[in-house]
Amino acid sequence: MSIDLHAHTDASDGSLSPTELVELALQQKLSAVGITDHDTIYGWDEAFAAGQKLGVEIVPGVELSTSYAGGRFHLLGYYIDPNSELIQVLERIQAARRNRNGEILDNLRELGLPLEESEVRAFAGENGQLGRPHFAQAMIKRGYVATTQEAFDRYLADGQLAYATKAVLSPQEAIGLIHDAGGVSVWAHPPLNRNFTLEQLEEKLAEWKSWGLDGIETFYSRYTPEETRWAEAARQRFDLLESGGSDWHGQSKPDIKLGETQTGQSVPNRVLDALKQRVQTNRRDAMAQRESESMARK
Ligand code: AMP
Ligand code: ZN
Ligand code: FE
Ligand code: FE
């Protein structure tokens with residue numbers, strides 16, 4: 001049995017509902033699957049219910065967008081408390097995203113590429129959050145572009161014609177919020193940010209580590225052999241946990257298979273064991289910290 005710690009449902013821009021994703025995980029013989037939607041934990045409850053029914057362990061997570069050093073980076077938070085400040089912050093980010101969707105539609109209309117919100121919604125879950133891959137699919141359906149990649153390259157990618165910024169946290173804030181919520185933080189697929197060389201990313205990693213970063217994705221479906229070697233060397237140098245998965249989305253990234261990483265293999269079970277251990281030590285550290293603070297006040 002094997003695991004996959006990075007997958008999206010239709011709570012964000014994956015094409016399957018949480019129940020369907022867990023069914024797929026079972027088909028792929030996964031013993032555990034991470035639910036890591038963008039900026040939302042909306043899919044967790046349904047995933048937990050399906051996981052219990054089907055005997056698949058659910059690893060609750062979220063993939064936060066962060067802004068740093070002029071770039072955008074994704075940070076995964078696992079095992080966060082749903083009653084934490086982080087979740088309140090995510091609710092504000094959701095509201096900002098809804099505004100941003102309107103801006104993207106306005107931008108497209110001005111470019112002579114009108115879309116109705118309902119056409120975009122057709123590619124998303126009923127109550128899931130809309131993201132740019134949904135806009136891309138609606139643009140394909142209208143015949144504006146041929147592929148998702150073309151939609152991003154010409155219109156939707158950061159800085160392109162129809163792009164609208166979204167409210168984001170800094171990685172330092174995000175790591176702090178994840179820890180305050182009792183979770184562990186993992187830098188998702190650093191090499192995917194093409195504005196930085198691997199050498200530059202390695203320099204940045206020292207800073208993320210000083211903010212308390214717990215782990216880095218060493219397993220990832222789209223890593224090249226060079227990126228894989230980089231991630232593993234960086235992990236060792238900065239004493240980080242290993243993590244990763246397929247980053248499965250379904251329809252919008254049809255070449256990615258749930259449970260499969262760059263090696264064609266899945267993520268080994270030891271990775272999840274170590275993540276869970278870190279949750280325990282983070283929580284113990286946080287409790288000790290609170291106690292020493294309250295002692296100091298007395
Ligand atoms: P959003 O949540 O609306 O910011 O969209 C984020 C999603 O867009 C991510 O899942 C990425 O897979 C996808 N994405 C972002 N930038 C690009 C890009 N330049 N090319 C292709 N896909 C992208
Ligand atoms: Zn996504
Ligand atoms: Fe990501
Ligand atoms: Fe992802």
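Numbers here are sequence positions counted from 1. Please read all numbers here as calculations on a predicted model, not as lab measurements. In each ligand, atom 1 is the first atom listed, and ligand 1 is the first ligand listed.
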Please work out, at 4.0 Å between heavy atoms, whether the side chain, the backbone, both, or neither of [X] comes within that distance of ligand 1.
X      : answer
Pro133 : side chain
Arg194 : neither
Asp13  : side chain
His249 : side chain

Problem - Within-cut-off N or O pair, Asp153 and ligand 1, under 3.5 Å - result: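 Between Asp153 and ligand 1 (N or O atoms, distance only) the closest approach is not under 3.5 Å.
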Handout entry: N/O separation below 3.5 Å, Arg100 to ligand 1
Key =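 Between Arg100 and ligand 1, an N or O pair is found under 3.5 Å apart.
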Handout entry: Geometric class of the Trp44/Phe48 ring pair [parallel <30°, tilted 30-60°, perpendicular >60°]
Key =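 Answer is perpendicular, since the angle exceeds 60°.
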Practice task
May I ask you to decide if the ring planes of Phe73 and Tyr68 are parallel, tilted or perpendicular, using 30° and 60° as cut-offs?
Solution key: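 Ring orientation of Phe73 relative to Tyr68: perpendicular.
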Handout entry: Proximal ligand 1 atoms for Gly131, defined as those under 4.0 Å from one of its heavy atoms
Key =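 Those atoms are 3 (O).
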Problem - Element-labelled atoms of ligand 1 that are located less than 4.0 Å from some non-hydrogen atom of Ala157 - result: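 Within the 4.0 Å cut-off of Ala157, ligand 1 contributes 19 (N).
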Minimal non-hydrogen separation, [X] against [Y], with atom names:
X      : Y      : result
Ser185 : His179 : OG-NE2, 3.8 Å
Ile87  : Ile80  : CD1-CD1, 4.1 Å
Ser67  : Val168 : CB-CG2, 3.3 Å
Gln200 : Asn195 : OE1-O, 4.0 Å

Which protein heavy atom lies closest to [atom], and at what distance to 0.1 Å?
atom                   : value
atom 2 (O) of ligand 1 : Arg97 NH2, 2.8 Å
atom 4 (O) of ligand 1 : Lys166 NZ, 2.6 Å
atom 8 (O) of ligand 1 : Phe152 CZ, 3.3 Å

Problem - Gap separating the CD atom of Glu242 from the CZ atom of Phe219, nearest 0.5 angstrom - result: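 That separation rounds to 5.0 Å.
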Practice task
Give the intermediate values and the outcome of side chain to side chain donor-acceptor pair (under 3.5 Å) for residues Lys166 and Ser65.
Solution key: CA-CA 9 Å; Lys166 79 188 164 186; Ser65 299; 3.1 Å; yes
Problem - Nearest option to atom 12 (O) of ligand 1, as decided by whichever heavy atom of Lys253, His74, Gln149, Arg132 sits closest - result: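 The residue whose heavy atom sits nearest atom 12 (O) of ligand 1 is Lys253.
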Practice task
Report the protein N/O/S neighbours of the Zn ion (ligand 2) that fall below 2.8 Å; do not count waters.
Solution key: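 You should have found Asp13 OD1, Asp13 OD2, His38 NE2, His249 NE2.
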Problem - Reference residue Val62; test side chain to side chain contact (heavy atoms under 4.5 Å, CB included); the match among Thr36, Ile35, Leu90 - result: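 Of all the options given, the one that passes is Leu90.
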If you count every heavy atom of other residues, nucleotides or ligands that lies below 6.0 Å from [X] atom [atom1], does the total exceed 12?
X      : atom1 : answer
Glu226 : CD    : no
Gln94  : CD    : yes
Glu117 : CD    : no

Exercise for the section: For the Fe ion (ligand 4), state how many protein N, O or S atoms fall inside a distance shorter than 2.8 Å. Expected result: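 Protein heteroatoms (N, O, S) closer than 2.8 Å to the Fe ion (ligand 4) number 4.
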Practice task
Evaluate the criterion side chain to side chain donor-acceptor pair (under 3.5 Å) for residue pair Asp13 and His249; output intermediate values, then yes/no.
Solution key: CA-CA 7 Å; Asp13 55 1; His249 281 73; 3.2 Å; yes
Problem - Full working for salt bridge (Lys or Arg N to Asp or Glu O under 4.0 Å) between Asp158 and Arg132 - result: CA-CA 10 Å; Asp158 295 33; Arg132 284 176 289 165; 3.0 Å; yes
Practice task
Decide yes or no on salt bridge (Lys or Arg N to Asp or Glu O under 4.0 Å) for Asp39 and Arg97, but give the supporting numbers first.
Solution key: CA-CA 10 Å; Asp39 301 322; Arg97 262 182 179 277; 3.2 Å; yes
